[in-house]
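Let me begin by presenting the structure, written as structure tokens, before commenting on it.
What you see is a predicted model, and the numbers here were worked out from it, not measured in a lab. Proteins come first, then strands; the chains are lettered A, B, ... in the order of their sequence lines, and each starts at number 1. Just the heavy atoms: all of them, side chains too, but no hydrogens, waters or symmetry mates, feed the values below.
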Amino acid sequence: MSVRHAGSLAVLCAALASGAACLPADTRPTPGSMLLLVTSDDQPSTTTVDGWSITVDRLMVGIGEAALLHPCDEYSEAHYLRVLDGRLIRDQKLNIMYGLGQCNFGFQIISPLRDAVLGEGVTEADLERMASSASRQPGSVREDGIAVDFAATATRGGETMRVHWPFKQPTTYLPCARGTMKSPQTIALRSGEDLSFHIGLRGVALFSDNDLFLDDAGTPAPATPALRFDPIAAADTTFGNADGEVTLDELDDVPIKFAQQFGPYLALPGLGGSFAIKLGDYVHVVLSHRLVSFREDVTCATNIGSGRPPL
Amino acid sequence: MTKRRCFARGCALCVAFAVSSVASAAFGQPPAPPKTAAQKPPSPSDTTPPAEPSVPGLVPPSLTSPAEVAYPEGAEGEAVVVLTLTIGRDGAVEDVRVTEGNEPFASVAAAAAAKWQFEPARRQGQPVATRIRFEVGFHPPRDGATTDGATTAEPSAEPSDGAPPGTGTAPGAEGATPIAPAQPTEITIVGKRSPPGVSTLTRAEVRQLPGAFGDPFRAIEALPGVTPIVSGVPFFYVRGAPPGNIGYFLDGVRVPYLYHVGLGPSVIHPAMVERVDLFPGGYPAQFGRFAGGIISAEATAPRNDLHGEGNVRLFDAGAMAETGFAGGKGTALIGGRYSYTAAMVSLLAPETKLDYRDFEARVSYDLTPKDRLTVFTFGAYDLIGEKRGGALNVLFGSEFYRLDTRYDRELGPSSKLRSAVTLGFDRTKIPGEPRTARNTQAQARVEASHTLSPITELRGGADILFEAYRADAQPYVDPDAPPTQQFATLFPPRDDVTLGVWTDAVLKFPGIAVTPGVRADLYRSGSAQALGIDPRIAARIDITDRIRMLHNFGIAHQPPSFIIPVPGLAIGSLQGGLQTSLQSSAGVEIDLPDQTTATFNVFNNVFLNMTDALGVARTNDDDDGAGLVGMRSLGSAIGAEVYVRRKLTRRLGGFISYTLSRSTRSVGQEHFPSAFDRTHVLNAALSFDLGRNWRAGTRFMFYTGVPEQQSKAPSNTFTPQPRPTSRDPAFYRLDLRLEKRWVYSPKGYVSFIIEIMNATLNKEILLGSTIGPVTIPSIGAEVGF
């Protein structure tokens with residue numbers, strides 16, 4: 001082969017190489033990040049206004065599926081759940097999200113799937129007990145499984161009561177924004193900026209008084225409602241089998257009007273009557289409102305879902 | 001040439017041969033030259049020299065050994081025996097079949113012809129195997145003639161008895177004059193005989209197949225044993241083997257995928273592809289590392305005459321050109337295809353970007369008549385994305401490039417050696433993420449073949465493959481997310497090395513050809529290592545000259561595979577060990593009249609430790625797909641195939657391909673049909689020459705639906721899954737093709753082609769979801785020169 005031919009071939013190969021395409025690089029601007037952290041807000045023992053000493057024995061929570069809402073959802077979402085032991089965690093990473101702009105976000109408390117990430121102190125047996133048999137396929141509903149597995153011991157004098165409540169209902173915290181629900185403000189995510197928000201888990205909050213109003217007249221409730229256990233105990237002693245353990249089924253047998261003799265368990269005005277018909281209904285509502293709180297000035301609208309992850 | 005006489009026991013032999021013009025046997029024709037009328041055998045009074053062969057640059061074979069045939073003892077009268085001789089590249093007669101003739105003349109002529117020696121036919125200076133018709137005339141000895149044993153009759157230039165050129169009479173005591181062989185008017189070029197059980201498509205045929213858009217790879221879906229996933233989508237199951245277990249090769253170079261995105265064409269320009277072989281199982285030992293089937297394409301042989309073709313269609317344009325240099329010692333080819341779908345799609349969906357292109361280039365140079373150096377490079381690029389806020393979000397992007405340098409040497413008339421080095425680069429953009437996974441590879445291989453004797457051909461080879469898998473870091477993803485963790489576990493960065501060695505022997509006995517073989521592959525991925533030993537055996541048994549039995553059995557190993565072949569992505573570290581398949585088939589091949597062939601096959605494949613995420617997917621799987629990728633299952637596929645075919649290039653050509661099969665999977669204690677099990681798959685095609693260079697064709701495709709998706713049994717229970725009570729509805733589609741060609745020179749033509757896949761606009765139901773109608777219309781022009 002002559003040098004001239006070799007040169008022609010070299011030119012040909014170079015032309016081919018230049019014509020070969022390369023995949024385009026990412027041209028999007030660098031996003032900011034939002035890190036959600038979870039901390040336990042329970043004390044080793046908490047005393048209620050009616051003299052019961054509450055110790056949280058178990059608070060397993062399936063929490064996560066965090067996502068930035070449109071138009072901040074161009075980068076990534078953290079579509080996974082963690083199962084956390086709400087008694088042990090201190091600034092446990094929940095999810096990290098990336099985005100740009102004026103953003104809202106959301107997350108869920110929901111029964112985990114078997115690919116959930118286990119937090120400190122959570123075992124495979126815990127996950128197996130809580131896991132849903134649903135899938136990630138569209139339309140799959142997590143009606144089975146346990147979203148919050150709560151157990152506690154209450155003592156007063158020589159009396160001891162136990163509580164075991166495996167909540168199945170999912171709760172969606174969406175949207176979450178700065179400020180209050182009456183005047184929410186989006187959260188600014190700027191390029192290269194890292195934000196973090198701390199979610200507190202407080203199991204004893206399930207024994208809270210109404211956190212919105214004290215009476216039908218709409219008297220505002222204190223920012224930190226009192227904790228009360230007598231109506232909970234009555235679910236077993238008066239309406240249940242008096243075996244010393246209060247179950248969710250026993251709570252569902254307690255009329256709200258009975259519970260109202262103990263404290264401000266009131267219907268929420270504007271909803272056409274008694275919102276919480278049974279004490280069990282009330283506890284489920286309290287769960288969605290009070291179990292989770294933000295250390296920062298962030299509030300979330302809550303939706304007690306049907307088991308279908310909306311995010 | 002001296003005249004000599006052939007004489008034995010008072011008889012004489014006169015030999016002549018006439019051959020027929022190119023009909024194209026197992027390999028494709030050169031790009032559609034103008035048709036020439038088939039030459040009739042010369043009549044006794046016809047002394048006009050026959051026409052030139054229609055294959056350019058072809059020198060016919062010529063007899064070099066003396067021809068001796070004895071007049072059978074005890075026989076009487078005259079006789080003509082017509083033999084079909086297969087002449088190898090070394091000039092030896094490899095096969096003799098009696099086409100016409102009675103006993104005892106036929107046996108005598110065949111036995112004698114088997115010992116003859118020819119100067120082989122040559123095309124472009126290279127010896128090629130050919131099949132020729134050869135007439136042997138027997139004339140009884142004349143009264144009073146003495147016999148002095150067999151003598152040799154040398155064919156002479158002119159017949160002395162008025163017989164036409166190319167024929168002659170056996171020289172007897174008088175009047176016998178050897179005849180010089182006539183110039184051949186027809187030559188059938190024969191390549192290597194296809195192994196048993198392979199389905200072959202030539203480009204000439206594929207051009208006429210509606211719905212294939214002239215693309216040999218797309219035509220694969222019409223072959224028996226192939227089960228579509230979705231109509232038009234170029235991934236399929238082959239005898240129960242999932243898409244990730246099917247290997248694609250072009251001239252021995254592994255190709256990561258065959259088709260462009262968006263129902264696009266194949267990644268190799270069709271003009272470069274001479275033929276495509278589908279090995280649904282039990283493939284030769286030269287192929288390995290895939291536990292399903294093999295699709296092997298052979299590129300066109302280098303040609304040093306200037307030729308090429310170009311085409312323009314609704315969505316893309318392509319061209320290919322080749323020419324010679326250095327006085328015919330060298331050839332250079334360049335080709336490619338570019339899609340302007342991006343521009344067109346943007347008119348309909350401005351936020352969507354769709355783009356694909358491919359290129360091929362090849363340079364060959366004959367260092368000596370026995371030594372050839374070839375450099376072959378090709379590559380493809382695909383992109384689907386959506387524009388958001390001025391930035392492009394890549395939904396799928398992939399590219400691959402190959403550079404193959406090979407040295408071919410003829411060690412002798414019956415020995416060949418090839419050594420090659422292939423460099424490759426594959427890259428895929430991870431959907432939805434701003435990072436890529438890539439694989440840089442280098443392979444060295446050597447292959448050799450040697451004919452030890454007329455009944456034994458020995459073949460063997462070895463190769464070493466280095467692959468470096470890497471992936472970019474994930475900048476904007478939660479690293480703790482299970483999919484991210486699973487990706488890192490499944491596709492870790494690593495360096496893989498694979499060593500392979502193989503050998504087989506083609507043993508040809510009368511009526512039986514057996515090919516036993518074995519290959520061994522040593523895999524090393526990261527810190528894991530595994531050895532696969534794959535025995536193979538194939539047999540072809542001639543029951544009669546028209547009926548053959550075909551048998552195949554083989555074991556194949558493969559590392560864990562991804563759902564579909566994706567450049568740059570391969571499950572690493574041999575997680576879960578090698579997949580194993582046991583593939584067996586038995587069949588009958590029958591030559592029917594009018595050049596029609598019918599094949600009936602039954603097959604049984606067993607898959608052990610297989611990765612088939614598609615096949616084992618079930619409704620309530622909480623593995624979210626990622627876990628399914630690494631899941632292992634057992635699989636089996638049994639079935640029967642029917643393939644009746646008359647070449648589509650004939651005036652009226654067509655085929656019927658039918659597969660009846662059942663494919664199942666087992667995971668743990670559960671046993672269920674494969675998610676893409678289709679009981680019946682039928683393809684029927686018809687191509688008709690309407691005259692005046694009009695050609696029309698239609699193809700009907702039908703297949704039954706997949707089973708309703710099973711629910712996964714709860715863990716810790718053993719619940720036999722009931723047979724599914726329903727399946728998705730069956731699907732059918734009709735493809736149409738119409739072509740008008742204008743021929744302006746022996747190699748030049750212009751064609752106008754209208755083709756549509758799914759002209760009936762049928763929608764398909766898959767797993768309860770309605771898809772489509774997926775239809776691909778194509779209007780285009782093609783130019784050949």
Side-chain angles (χ1 to χ4, degrees), chain A residues 1-2 4-6 8-9 12-13 15-17 19-33 35-36 64 66 71 73-82 93-101 112-117 128 131-140 142 145, chain B residues 325-326 329-330 332 334 336 338 355-357 359-361 363 365 367 373 375 377 379 381 383 385 388-394 397-399 401 403 427-429 432-436 474-486 618-627 712 714-715:
Chain A
M1 185 184 301
S2 67
R4 184 174 153 192
H5 282 134
S8 300
L9 289 172
L12 176 64
C13 291
L16 286 171
C22 291
L23 294 174
D26 188 9
T27 58
R28 298 177 298 177
T30 303
S33 71
L35 173 66
L36 298 182
D73 56 348
E74 298 293 320
Y75 289 83
S76 69
E77 298 166 336
H79 273 306
Y80 71 97
L81 212 71
R82 292 182 190 264
K93 172 192 168 185
L94 181 62
N95 296 136
I96 186 168
M97 300 163 285
Y98 295 88
L100 272 180
L113 300 179
R114 284 184 171 79
D115 64 351
V117 178
E128 186 63 33
S132 165
S133 61
S135 72
R136 288 193 177 276
Q137 295 190 15
S140 181
R142 298 187 214 182
Chain B
F325 62 92
K329 288 185 179 179
I334 186 168
Y338 177 79
D355 192 11
Y356 61 80
R357 58 198 77 168
F359 75 91
E360 304 81 31
V363 175
Y365 189 78
L367 302 169
L373 184 66
V375 178
T377 181
Y381 165 85
L383 179 74
R388 288 187 189 176
L392 178 67
N393 180 29
V394 176
S398 194
E399 56 188 347
Y401 309 97
L403 177 65
R427 183 164 62 173
T428 293
K429 193 132 191 175
E433 299 180 22
R435 64 187 189 120
T436 62
Q474 298 173 281
Y476 310 134
V477 173
D478 190 332
D480 295 335
T484 307
Q485 297 276 325
Q486 287 163 351
R618 285 159 292 170
T619 53
N620 56 345
D621 243 317
D622 58 6
D623 288 319
D624 192 23
K712 185 177 174 184
S715 59

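- Of all heavy-atom pairs between A:Asp115 and B:Pro482, the closest is O-CG, 3.1 Å.
- In this structure, no portion of A:Ser33 lies under 4.5 Å from any heavy atom of chain B.
- Across B:Gly385, B:Gly379, B:Ser398, the residue that shares the most heavy-atom pairs under 4.5 angstrom with chain A is B:Ser398.
- Within 6.0 Å of NZ on A:Lys93 lie more than 12 heavy atoms contributed by other residues, nucleotides or ligands.
- Of the residues listed (A:Leu94, A:Asn95, A:Leu35, A:Val117), the one engaging B:Asp478 in a side-chain contact (heavy atoms from CB on, under 4.5 Å) is A:Asn95, and it is the only one.
- Using a 30° and 60° split on the angle between ring planes, B:Tyr476 and A:Tyr98 fall in the tilted class, from 30° to 60°.
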